Amino acid sequence: MASDVNPFESLQEQIDDAAEYLPYSTDVLERLKHPERVVETNLSVEMDDGSVEVFRAYRSQFNGDRGPYKGGIRYHPQVSRDEVKALSGWMVYKCAAVNIPYGGGKGGVEIDPDDYSDAELERITRSFAKELRPFIGADRDIPAPDVNTGQREMNWIKDTYETLENTTEPGVITGKAPDSGGSAGRVEATGRSVMLTTREAFDYLGKDITDATVAVQGYGNAGSVAAKLIEDLGASVVAVSDSSGAVHDPDGLDTRAAKDHKDETGSLSGFEGATGTLTNEELLTMDVDVLVPAALENAIDREIAPDVQADIVVEAANGPLTPDADDVLTKRDVYVFPDILANAGGVTVSYFEWVQNRQRFSWTEQRVNEELERVITEAFGDLIETYENTDAPSLRTAMYVVAIKRVVDAAEQGGIWP
Ligand code: NAD
């Protein structure tokens, strides 16, 4: 994390900011600032050499007013109770922002997966799935991939759950491989919604995307797909980075070749299609039209925000701006399109995957992409309507106003259970 700002406090601050534009009393809003429950567990797992290692793991179920808890599972050394709580809260407001019938959850294991063999990672994942079994389910809580997890881990969790439950229930988890019940279009969904948000932003601001330069921080699932699809719109992606540093070409990089290089070598470092390298900080402060932070939270903090030169920031990562960095950019009239809209493609296609699993019927990739485009463009329209018809100072606050209203409506319709 670039900054030590607590992401859970950032989430609560974002809710407080939106509260000023909502007619609700503090007690209604207080409930929306804390998770309903957090499961914390210690996984004891046998290593390849016969020793046993203990891993701290969490699952936060933040709010279920609009539907089952939904959200990814992250493997990272920075995973903490507060990080998982924040990420689960952002899922609540993301699902509400794009109007899909889910609440929010998130899980994580405090681990650097690079330090473990595939067999060890499988045992760690199955151990976590065993611990989660009483808390998850197709109608209860549906995990998905996040940083350092993907189809492989989702397939292991599904298999563990189905074995222990003696059933077939692909809808217990999303982001699976297609042969295990995954959806067409899921792998590209997060990057696709980043591209759709960027496209709509240019349209709204009356700018031509084919003249635009773009820098992308983070070249994993979200960042590399966003870069490729934004390049396909005609923009010039001039810099991309991963944890090894950034590569750069003022005339535009071949984003597919950069991804192939990263897949082959494990990092962007040494990519021959670039004219030079940059530090991550240099990438974040480049003079580009669009900056896409697609790595981790707090990438842009108070220190670096004054130097950000992009006119538009499209948040592919969750929580990449600290609240004070957000204030700096808002005051400088930088348009920040918030994570709870821009990266919502992942959970939206996860929702489509869950629908297909329950229908036992597969959609074509074209149908998935068309439905995703409809969901994101409608949410973009809701955002702009609220932004223009309230005094909300930022797009983020306007999006939270839309989302919180939907959660409160559902809660009020359900009433209070003593
Ligand atoms: P990933 O593990 O596939 O990729 C993460 C990338 O970030 C890697 O390329 C890594 O090298 C890079 N990175 C890490 N630290 C960095 C740093 N300091 N500077 C530059 N690059 C750095 O993860 P992902 O799934 O692409 O997730 C990225 C972000 O997008 C996270 O915030 C995640 O929560 C969010 N997100 C992902 C999805 C999804 O479907 N994958 C959906 C919604 C949101």
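Since this is a predicted model, take the numbers as computed values, not measurements. We count ligands from 1, going down the list as the structure has it; atoms in each ligand are counted the same way.
Residue nearest to atom 44 (C) of ligand 1, selected from Asn318, Asp339, Thr149: Asn318 (by heavy-atom distance). Between Thr190, Leu87, Val147, it is Thr190 that holds the heavy atom closest to atom 38 (C) of ligand 1. The heavy atom nearest to atom 28 (C) of ligand 1, considering only Gly220, Gly72, Ala295, is found in Ala295. For atom 21 (N) of ligand 1, the nearest non-hydrogen atom from the set Asp242, Val187, Asp146 belongs to Asp242. In this structure, of Ser243, Gly218, Gly319, the residue bringing a heavy atom nearest to atom 7 (O) of ligand 1 is Gly218.
Between Leu11 and Phe62, the closest side-chain pair of non-hydrogen atoms falls below 4.5 Å.
Per-residue contacts place Ser241 under 4.0 angstrom from the following atoms of ligand 1 (heavy atoms of the residue considered): 20 (C). Heavy-atom contacts of Arg186 reach the following atoms of ligand 1: 40 (O) (cutoff under 4.0 Å). Contact atoms of ligand 1 toward Asn148: 2 (O) (distance under 4.0 Å to a heavy atom of the residue). Here is the list of ligand 1 atoms found below 4.0 Å of a heavy atom in Ala317: 29 (C), 30 (O), 32 (O), 35 (C). Close approach of ligand 1 to Arg74 (heavy-atom distance below 4.0 Å) involves ligand atoms 31 (C), 32 (O), 33 (C), 34 (O). Taking every heavy atom of Ala294 and a limit of under 4.0 angstrom, the matching atoms of ligand 1 come to 28 (C), 29 (C). Interface of Lys262 with ligand 1, defined as ligand atoms under 4.0 Å from a residue heavy atom, comprises 9 (O), 11 (O).
Distance from atom 26 (O) of ligand 1 to its nearest protein heavy atom, with residue and atom name: Ala222 N, 2.8 Å. Nearest to atom 19 (N) of ligand 1 among the protein's heavy atoms is Asn280 ND2, 3.0 Å. Among protein heavy atoms, the minimum distance from atom 3 (O) of ligand 1 is reached at Asn221 N, 2.9 Å. Remark: minimum distance from atom 18 (N) of ligand 1 to any protein heavy atom is reached at Gln217 NE2, 4.3 Å.
Listed for the Arg332 side chain is a donor-acceptor partner under 3.5 Å among the backbone atoms of Ala305. Between the side chain of Arg81 and the main chain of Glu40, no donor-acceptor pair closer than 3.5 Å is present. Listed for the Lys158 side chain is no donor-acceptor partner under 3.5 Å among the backbone atoms of Lys176. The backbone N or O of Glu46 lies less than 3.5 Å from a partner atom in the side chain of Arg123, making a donor-acceptor pair. A donor-acceptor pair is defined here as one N or O able to donate and one able to accept, closer than 3.5 Å; such a pair exists between the side chain of Arg360 and the backbone of Asn357. One N or O on the side chain of Asn155 and one on the backbone of Gln151 form a donor-acceptor pair closer than 3.5 Å. Between the Thr390 side chain and the Ala392 main chain, a donor and an acceptor come within less than 3.5 Å of each other. The closest donor-acceptor contact from the side chain of Asp159 to the backbone of Glu162 lies at 3.5 Å or more, if one exists at all.
Ligand 1 lies out of reach of Pro145, whose nearest heavy atom is not under 4.0 Å from it. Within the 4.0 Å heavy-atom shell around ligand 1 one does not find Glu297.
Looking at Ala316 against ligand 1, only its backbone comes within 4.0 Å, counting heavy atoms.
Side-chain contact of Ser362 with Gln356: a donor-acceptor pair under 3.5 Å is absent, judged by distance alone.
Ionic pairing of Glu370 and Arg192 is not present here: no N-O contact between side-chain nitrogen and carboxylate oxygen is shorter than 4.0 angstrom.
Between Phe337 and Phe380, the distance from one ring center to the other falls under 6.0 angstrom.
Polar contact with ligand 1: present for Tyr219 (N/O pair, distance under 3.5 Å).
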